Peer 1: 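I am attaching a structure below and will ask some questions about it afterwards.
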Number of protein chains: 2
Amino acid sequence: MERATEPFRGSKALPGGFVEDGERLEETAARELEEETGVSSSRLYLEQVGVYSSPDRDPRGRVITVSYLAIAPNLPTPEAGEEATSADWYEVNPGLSTELAFDHDLILQDALERARSRLEHTTIATAFCGEVFTIGDLQRVYEIVWGVSMDSRNFRRKVTSVDGFLEGTGEKRNGGPGRPGALYRKGPAQVLHPAMLRSRMQLES
Amino acid sequence: MERATEPFRGSKALPGGFVEDGERLEETAARELEEETGVSSSRLYLEQVGVYSSPDRDPRGRVITVSYLAIAPNLPTPEAGEEATSADWYEVNPGLSTELAFDHDLILQDALERARSRLEHTTIATAFCGEVFTIGDLQRVYEIVWGVSMDSRNFRRKVTSVDGFLEGTGEKRNGGPGRPGALYRKGPAQVLHPAMLRSRMQLES
DNA sequence: ATAATAGTGTCTCTAAGACAGTATGCT
DNA sequence: AGCATACTGTCTTAGAGACACTATTAT
């Protein structure tokens with residue numbers, strides 16, 4: 001969001017807000033996300049990332065922030081809430097040279113690293129996709145979040161060999177250009193055994 | 001610690017306390033640990049694990065807890081602080097059937113899982129050992145934290161092949177029974193590439 | 001002598017890395 | 001026709017799993 005009030009008026013900042021009585025912090029995060037961006041809390045993956053508690057991180061006084069990583073498909077166009085002059089989605093990958101308010105640069109970087117790590121060890125990449133998706137869709141998630149290109153043959157072998165990662169629907173996707181791809185949905189597996197390696201990241205031509 | 005005051009008087013609980021003005025939470029954790037157990041904050045590995053924020057988790061009112069995992073060698077005998085009738089170290093591995101105060105059972109379980117996961121992906125097992133240690137010492141860390149037995153030949157091959165995990169000192173350990181083992185110290189590597197696998201945990205006779 | 005720990009070497013097997021061509025839809 | 005995406009298969013290589021014996025110390 002672009003902040004409408006001091007401090008850091010005019011700077012971009014992550015959405016957030018204060019916890020209310022009787023609320024767990026996860027509920028606070030989901031509520032603020034929905035209020036400020038319109039992302040509904042259904043079909044939303046939400047994971048706690050870290051706590052930021054430097055005494056002087058907010059010039060107004062002592063504020064301790066707990067950050068959450070949210071993953072959801074089909075993002076709605078955000079509308080600016082009360083404390084923002086504008087709200088939008090930004091690509092985080094090339095650069096991350098943004099200048100965010102407070103220590104939000106650090107918070108964003110930690111969350112991005114968490115997302116990248118989760119893609120290695122869990123099946124959470126499917127949370128970026130809709131109900132059904134092709135293997136090509138899933139590969140695009142990995143390539144964008146990791147910022148690399150991957151070999152499609154090896155990628156296909158990997159995701160189809162891990163038990164419970166993907167469940168085939170009988171359907172195919174029609175409409176776009178190219179040969180229609182088989183549609184899958186998220187399987188029951190939560191963790192990836194063995195992990196999806198991102199050590200040797202080779203570039204595809 | 002065994003609690004000396006209500007609520008949960010007489011129950012065991014993890015050490016902890018409230019944050020003070022101008023303190024980062026990591027400093028709070030280190031301070032409370034030292035006050036209540038005598039573990040000094042030098043040579044201490046401290047890592048944030050999670051936030052616990054259920055509105056009714058403390059019957060006295062709204063308390064949000066941030067938990068930390070601490071790893072240190074050569075633990076001193078703890079002395080009970082002000083709010084405890086006794087303080088001691090407990091083995092966490094066989095059972096974890098403890099009945100801790102508040103939601104500390106959950107906190108402990110999350111921290112244990114974090115420690116186990118860190119042993120897979122980082123070189124932090126060395127933080128359980130003193131300045132110098134043998135490969136047998138290091139294997140014992142893995143076996144105790146993971147609760148398994150490992151093949152010493154494969155373990156040795158692994159830890160010596162990962163670059164920067166161990167740095168050889170010229171020394172050997174003398175004194176105990178058995179052939180003296182070569183002493184190593186922690187190397188510069190922080191992450192384990194590839195990871196130390198704990199998937200197939202076989203039992204050694 | 002016996003027990004306890006340290007150290008060495010090989011075979012197998014799983015899975016990742018590299019790599020090219022065919023198939024099927026759209027415009 | 002040309003383009004875009006989907007799909008199939010092989011060789012190589014890195015590294016984990018399983019496994020037995022010798023070496024060196026303390027008691």
Side-chain angles (χ1 to χ4, degrees), chain A residues 119-121 129 132-144 146 148-166 168-184 189 191-205, chain B residues 119-121 129 132-144 146 148-166 168-184 189 191-205:
Chain A
L119 257 58
E120 282 187 88
H121 302 294
C129 303
V132 295
F133 50 88
T134 67
I135 292 183
D137 293 339
L138 197 62
Q139 181 174 345
R140 213 165 304 122
V141 170
Y142 275 90
E143 291 183 333
I144 290 173
W146 283 355
V148 299
S149 290
M150 301 172 78
D151 183 281
S152 62
R153 297 160 291 191
N154 293 341
F155 184 83
R156 171 179 304 271
R157 178 181 59 195
K158 177 65 185 175
V159 296
T160 54
S161 71
V162 170
D163 205 54
F165 195 173
L166 300 182
T169 71
E171 317 279 304
K172 284 183 189 296
R173 166 172 303 167
N174 38 14
R179 174 174 169 179
L183 287 172
Y184 296 84
V191 293
L192 239 50
H193 268 310
M196 177 92 65
L197 297 188
R198 59 163 164 160
S199 39
R200 306 270 179 163
M201 296 179 168
Q202 85 286 0
L203 291 181
E204 215 176 30
S205 60
Chain B
L119 256 57
E120 281 187 272
H121 303 292
C129 303
V132 296
F133 50 87
T134 67
I135 291 183
D137 293 338
L138 197 62
Q139 181 175 346
R140 214 165 303 122
V141 170
Y142 276 90
E143 292 183 333
I144 291 173
W146 283 354
V148 299
S149 290
M150 302 172 78
D151 184 281
S152 61
R153 296 160 292 192
N154 293 341
F155 183 84
R156 172 180 303 270
R157 178 180 59 195
K158 176 65 183 176
V159 297
T160 53
S161 71
V162 170
D163 205 53
F165 196 173
L166 301 181
T169 72
E171 317 280 304
K172 285 182 188 298
R173 166 172 302 166
N174 39 14
R179 174 173 167 178
L183 287 171
Y184 297 85
V191 293
L192 240 50
H193 268 310
M196 177 93 63
L197 298 188
R198 58 163 164 162
S199 38
R200 308 269 179 163
M201 295 180 171
Q202 85 285 1
L203 292 180
E204 213 176 32
S205 59

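Owing to the predicted nature of the structure, the values given are computational and were not obtained by experimental measurement. To find a chain, count down the sequence lines: A is the first, B the second, and so on, and within it residues start at 1.
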Peer 1: With side chains defined as the heavy atoms from C-beta onward, is the minimum distance between B/Lys158 and B/Pro194 less than 4.5 Å?
Peer 2: yes

Peer 1: Please enumerate all residues that pass side chain to side chain contact (heavy atoms under 4.5 Å, CB included) together with B/Val132, with sequence neighbours excluded.
Peer 2: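 Testing B/Val132 for side chain to side chain contact (heavy atoms under 4.5 Å, CB included), a comparison that skips the adjacent residues, returns B/Thr169, B/Leu183, B/Arg185.
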
Peer 1: Taking the six-membered ring for Trp and the full ring for Phe, Tyr or His, determine whether the centres of A/Phe155 and A/Tyr142 are under 6.0 Å apart.
Peer 2: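 They qualify: ring centres under 6.0 Å apart.
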
Peer 1: Whole Å only: how far is the CZ atom of A/Phe133 from the P atom of D/dA6?
Peer 2: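 Answer to the nearest Å: 13 Å.
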
Peer 1: If you take all heavy atoms of B/Leu119 and B/Met196, which pair is closest and at what distance?
Peer 2: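 Scanning both residues, the minimum pair turns out to be O-CB, 4.1 Å.
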
Peer 1: Are any of the side-chain heavy atoms of A/Met150 and A/Val148 separated by less than 4.5 Å?
Peer 2: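 Yes; the side chains approach each other to less than 4.5 Å.
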
Peer 1: With a 4.5 Å limit on heavy-atom distance, are the side chains of A/Thr134 and A/Tyr184 in contact?
Peer 2: no

Peer 1: Over how many whole Å does the gap from B/Tyr184 atom OH to C/dA6 atom P extend?
Peer 2: 11 Å

Peer 1: Can you measure A/Phe155 atom CZ to C/dA15 atom P for me and round it to whole angstrom units?
Peer 2: 17 Å

Peer 1: Using a 4.0 Å heavy-atom cut-off to protein, can you give one letter per nucleotide of nucleotides 19-26 of chain C, 5' to 3': B if the base is in contact, S if only the sugar-phosphate is, - if neither?
Peer 2: BB--BBBS

Peer 1: Under 4.0 Å from any atom of DNA chain D, heavy atoms only: list the residues of residues 156-163 of chain A that qualify, in numerical order.
Peer 2: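 DNA chain D contact set from residues 156-163 of chain A: A/Arg156, A/Arg157.
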
Peer 1: Does the side chain of B/Val141 come within less than 4.5 Å of B/Trp146's, by heavy atoms?
Peer 2: no

Peer 1: Nearest-Å distance, CG (A/Leu138) to P (D/dA6)?
Peer 2: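 In whole Å, D/dA6 P lies 12 Å from A/Leu138 CG.
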
Peer 1: Excluding sequence neighbours, so at least two apart, what forms salt bridge (charged side-chain N to carboxylate O under 4.0 Å, His left out) with B/Arg140?
Peer 2: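 Testing B/Arg140 for salt bridge (charged side-chain N to carboxylate O under 4.0 Å, His left out), a comparison that skips the adjacent residues, returns B/Asp137.
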
Peer 1: Report for the helix from C/dA1-D/dT27 to C/dT27-D/dA1: angle between first-end and last-end helix axes, five pairs each, rounded to 10 degrees.
Peer 2: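 The two end axes of the helix from C/dA1-D/dT27 to C/dT27-D/dA1 meet at 10°.
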
Peer 1: Answer yes or no: is there a side-chain heavy-atom contact under 4.5 Å between A/His121 and A/His193?
Peer 2: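 Not touching, per the 4.5 Å side-chain cut-off.
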
Peer 1: In whole angstrom, what separates A/Met196's CE from C/dG17's C1'?
Peer 2: 14 Å

Peer 1: Given A/Phe165, which partner from the list A/Val191, A/Leu138, A/Thr160 fulfils the side-chain contact (heavy atoms from CB on, under 4.5 Å) test?
Peer 2: A/Leu138

Peer 1: Can you check whether A/Thr134 has a side-chain N or O nearer than 4.0 Å to OP1 or OP2 of D/dT5?
Peer 2: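 For A/Thr134, the contact criterion (side-chain N or O under 4.0 Å from OP1 or OP2 of D/dT5) is not met.
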
Peer 1: In whole angstroms, how far is the P atom of C/dG17 from the CE atom of A/Met150?
Peer 2: 8 Å

Peer 1: Round to the nearest Å and state the distance from A/Arg173 atom CZ to D/dC7 atom C1'.
Peer 2: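 So the two atoms are 16 Å apart, to the nearest Å.
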
Peer 1: Under the salt bridge (charged side-chain N to carboxylate O under 4.0 Å, His left out) rule, collect the residues that match up with A/Arg157, sequence neighbours excluded.
Peer 2: none

Peer 1: Could you tell me how far apart B/Arg198 (CZ) and D/dG15 (C1') are, to the nearest whole angstrom?
Peer 2: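 The distance from CZ of B/Arg198 to C1' of D/dG15 comes to 20 Å, rounded to the nearest Å.
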
